[in-house]
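To keep things clear, I will list the structure first and then write my remarks on it.
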Amino acid sequence: MQEGAMQAWIESSQFSGGNAAYIEELFELYLDDAEAIPSEWRELFDSLPREGLATDVKHSEIREQFREAAKQKLKQAGSSAANSEIAEKQVRVLQLINAYRFRGHQHAQLDPLGLWKQATVQDLDPQFHSLTKEDMDTEFNVGSLVIGKDTAKLKDIHQALEAIYCGPIGAEYMHIVDTEEKRWIQQRLESQLGKPKFSDEERKKALKELVAADGLEKYLGSKFPGAKRFSLEGGDALVPLMKSLIRRAGKQGAKEVVIGMAHRGRLNLLINVMGKHPNQLFDEFAGKNTTDKAGDVKYHMGFSSDFETEGGNVHLALAFNPSHLEIVNPVVIGSVRARMDRRGCKDGSQALPITIHGDAAIAGQGVVQETFNLSKTRAYQVGGSIRIVVNNQVGFTTSKREDARSTQYCTDIAKMVQAPIFHVNADDPEAVMFVSQLAIDYRNTFKRDVVIDLVCYRRHGHNEADEPNATQPLMYQKIKKHPVPREIYAKRLLNEKVITEDDVKQLVSDYRDALDKGDCVVDEWQPMKAHSVDWSPFIGNEWDVDYDSSISKDELQTLGEKVSHVPEDFKLNARVGKVYEERAKMAKGDRKLDWGMAETLAYASLVKAGHRIRMTGQDCGRGTFFHRHSVLHNQKDAATFLPLTAIDKDQAPIEIYDSVLSEEAVMAFEYGYATAEPNTMVIWEAQFGDFANGAQVVIDQFLSSGEQKWGRLCGLTLLLPHGYEGQGPEHSSARLERFLQLSADHNWSVCVPTTPAQVFNMIRRQQLRPVRRPLIVMTPKSLLRHPDAVSSLDELAIGKYQNVIGEIDDLDSKKVKRVVFCSGKVYYDLLSARRDSEKTDVAIIRVEQLYPFPHEEMAEVLKDYQHVKDFVWCQEEPQNQGAWYCSQHHFREAIPDGAKLQYAGRAASSSPAVGYAAVHKEQQEKLVNEALSI
Ligand code: AMP
């Protein structure tokens, strides 16, 4: 604060009668939470000059000024001791209120087993604030505490605070900076005085849901003893929690809810929330196979259904997921974003993600942080997600806090996005339902993530065959004696005369009977309505299915003009301007097309034909290698413009976003998007190809095997820069070998295009062919500007991706003694070395699609070389990498009987490439010469 202003304020009447501690503490409170102090003081502090007064930072200098000023004032005017004592007490009461808001959760009754050892929080003791027993009957201003009155006796204030903040709900929200959000939460929490009101009907329904949760597990336990089911028991409240969330979301306009969860409680959710038929589950327990695919275990399976709510039916989709805990979360978020985009819903009001986490996993797995980091970004926001932790206080066999995490709560990571966190005792279903309403209302109001930490326990071991007493003896002694949630709640409702003993018995036997019948047990279940998206055009199609990807040269030229047009007042960076000038020439046919132009034209042609496109990746707007420039940046005002959005008034939307610096969450998100939306071309580009290994889980568990395991199609395209250019171990290889090793069942295609025309036709093929399987592309780096890697408009207009490209020079095939197969950039090295050496007896054939291996096209190309006995596979990668080991059986199958296949490439190496440019060059020359026998 400026000194003059401070002085003026000190001399003003508001400052009279204050004492140093009072003003200082009031100011401290104001800095912590402006809303905590009486409004007249807040207005006063607000009115002070702001310089140096960051409200969320304690400012010792300002405090010092207050102290000094107050001392002066006291000296000048003398003060009434009595007045100042009351004022001081008042401030202490406000401090007490504030302490509860900040730290009440640490004393909350959260653990159903009562095992949690929470440290005593001194600030929650009135004495800590010098408030004594004698003060308990004194009436104080309650500040912003929302308890329905302005003043109250200290004992009533204290009692209310205990009930609100230290009951079955522990609310953490004071880390939120936005005052409106904090006030909103306070209003909702405090006005209930810790006792949310539910009608008898709602309470009976909750009991019924607890009976169902418990009943299913008991039923499965007795019918399939020892079978793994990852029982929900202990966390039974998840069922009323989920149903309450879905009901309220539906009432508020949600049309689709996508759920992601790991194993625990999954079967229960499937049967008791989503309405899967128990008979179907029993068949799965019996190991019956219902598909011709590889399939998956029952607790990984997804499910879809509709659920009736007051706002209409809500479609529920439970995402399929592997055993990698937490990885499904970004998949769910991506799926929701796809549904939002399809519905034209920008704020997430029509589609809701609910992700269900384990306590050990949410604290332990890095993808959780990555996913939180997506939550407010342009490319990935979904208007907030509801995150539920089924916190059974043990991860497999690890329960000691000092082993499991370094944070106080398992949910602390959520504070990075200022998500409010509601810890709730799972043995209190009303508190749980109250929190569910709070969470969905908060999410829908503020469009932000919110966390519900359902503190419960796990009645059995990690799975039902486990012996938990071996590692958690005391916990399990306690659990053994602890009544199940439905018993606890039934007792409460019996005591309050809401139900009778007979009612409870009836509920239990009705549920058992329903399971015996095997029919759906969810009252709200509805048959799934026809969907806004139809997958049938893509189901059952193989790679050779017919499709039309023709395009005329004229059309290409028109598109070329559009994509190279820059608005007049848009000032381009000089280098980008040059790229665009050249693109204009390419469009006219005055220059051959380079990679960037051909790729851009592919997108332009697709959006023109009504295909939506979404591309994300680190720096993909410009392109890591300065080649794409689909997002232009005005040098005058930094405004951006995508020429691809100005192709045609009826075109489909195209979105190109630079992604957050993540691979795992981002690729999983795009997988989720692409599995929910077959009509959008979804592309993820790696900054460098090998960075995709940060998302290896997504590649292994979803992309390569999702169709085999779960029958879920996915047309995601991965663009992975790959090529040996002396850039060292980390920037050379996109780990082609890993994709080839995972290739089977025609699960995806792996392409290595070598010309602009090829990239153009490859992109179009991926979208236009009615097959939705991933496309893995080894994309070039130096080839982007290679003088020979150019194509004419006519070549683009061929309209077909060539899986194999035969010899392009005019060699006499009869004189050919050796045929070299290769893929990618090394082709140009081979070509130029052969031309330089004037060798005419070696033909070079490019394999542009390594998987599925194009046997027919290869046979066609090899027709002229049936006399050749000497075949070579040439690659830049070390022998244990690249295509050699995974694809040589295909090459061998292709060559004539009796012919030999040799390897020309780098020696096996544990590292992808050498770090020294000179060594690289030497190796490269050697492998090229060997291949060509020079
Ligand atoms: P969902 O909206 O995810 O619940 O999906 C609804 C229905 O659409 C599913 O039951 C499937 O029949 C179909 N479906 C959804 N996603 C896919 C996919 N990726 N591949 C094939 N069929 C799908």
Side-chain angles (χ1 to χ4, degrees), residues 242 246 249-250 254-261 266 269-270 273-277 280 290-296 300-307 312-322 328-343 345 350-355 382 520 522 525-542 545 614 667-682 698 701-717 745-748 766-767 769-775:
M242 286 298 292
I246 297 163
K255 300 286 169 238
E256 302 192 56
V257 174
V258 186
I259 304 163
M261 74 185 297
R266 196 173 171 101
L269 184 111
L270 279 165
V273 177
M274 303 196 70
K276 178 169 175 161
H277 281 219
Q280 206 184 331
T290 49
T291 91
D292 58 346
K293 303 269 184 186
D296 201 349
H300 290 169
M301 289 309 207
F303 192 71
S304 305
S305 63
D306 285 2
F307 188 102
N313 285 1
V314 175
H315 176 70
L316 306 181
L318 175 67
F320 294 79
N321 72 279
V328 79
N329 302 312
V331 174
V332 165
I333 307 294
S335 174
V336 167
R337 177 67 179 246
R339 293 163 204 262
M340 282 165 60
D341 288 350
R342 188 155 65 224
R343 293 174 170 278
C345 163
Q350 294 180 37
L352 170 74
I354 303 179
T355 56
V382 288
C520 173
V522 176
W525 179 86
Q526 292 289 313
M528 209 160 70
K529 289 253 168 62
H531 257 262
S532 50
V533 59
D534 179 10
W535 283 88
S536 62
F538 310 99
I539 290 179
N541 291 346
E542 269 308 321
V545 63
R614 170 185 169 89
M667 197 197 288
F669 179 105
E670 302 305 346
Y671 170 84
Y673 196 109
T675 42
E677 181 50 78
N679 298 315
T680 296
M681 175 153 202
V682 187
V698 186
Q701 259 78 2
F702 292 92
L703 275 177
S704 71
S705 52
E707 188 184 344
Q708 272 299 309
K709 294 190 290 190
W710 314 315
R712 281 301 188 260
L713 304 177
C714 170
L716 179 63
T717 295
D745 303 316
H746 287 190
N747 57 338
W748 55 23
Q766 175 68 359
Q767 185 62 14
R769 182 164 58 182
V771 169
R772 287 296 173 264
R773 282 179 180 155
L775 166 62

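Positions are given from 1, in the same order as the sequence printed here. Note that the structure is a prediction, hence the values are computed from the model and not measured. In listed order, ligands and their atoms are each counted from 1.
- Using a 4.5 Å heavy-atom threshold, the side chains of Lys709 and Phe320 count as separate.
- Across all non-hydrogen atoms, the minimal contact from Gln766 to Arg772 is O-NH1, 3.3 Å.
- Annotation: the span from Glu707 atom CD to Thr675 atom OG1 amounts to 12.0 Å, rounded to 0.5 Å.
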Check ligand 1 for N or O atoms under 3.5 Å from a protein N or O and list each pair with its distance.
unit_1   : atom_1 : unit_2 : atom_2 : d
ligand 1 : 2 (O)  : His315 : NE2    : 3.1
ligand 1 : 2 (O)  : Arg339 : NH1    : 2.7
ligand 1 : 2 (O)  : Arg339 : NH2    : 3.4
ligand 1 : 3 (O)  : Arg339 : NH2    : 2.9
ligand 1 : 4 (O)  : Ser304 : OG     : 2.5
ligand 1 : 4 (O)  : His315 : NE2    : 2.6
ligand 1 : 16 (N) : Trp535 : NE1    : 3.3
ligand 1 : 16 (N) : Thr675 : O      : 3.4
ligand 1 : 19 (N) : Thr675 : O      : 2.9
ligand 1 : 19 (N) : Leu713 : N      : 3.3
ligand 1 : 19 (N) : Leu713 : O      : 2.8
ligand 1 : 20 (N) : Leu713 : N      : 2.9

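- Figure legend: cation-pi geometry between Arg614 and Tyr673, with NZ or CZ positioned under 6.0 Å from the six-membered ring centre and within 45° of its axis.
- In this structure, OG in Ser305 is found 9.0 Å from CG in Leu270, a value given to the nearest 0.5 Å.
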(request) Report the C-alpha distance between Met274 and Leu269 in whole Å, list the side-chain angles of each, state the deciding distance to 0.1 Å, and finish with yes or no for side-chain contact (heavy atoms from CB on, under 4.5 Å). (result) CA-CA 6 Å; Met274 303 196 70; Leu269 184 111; 4.0 Å; yes
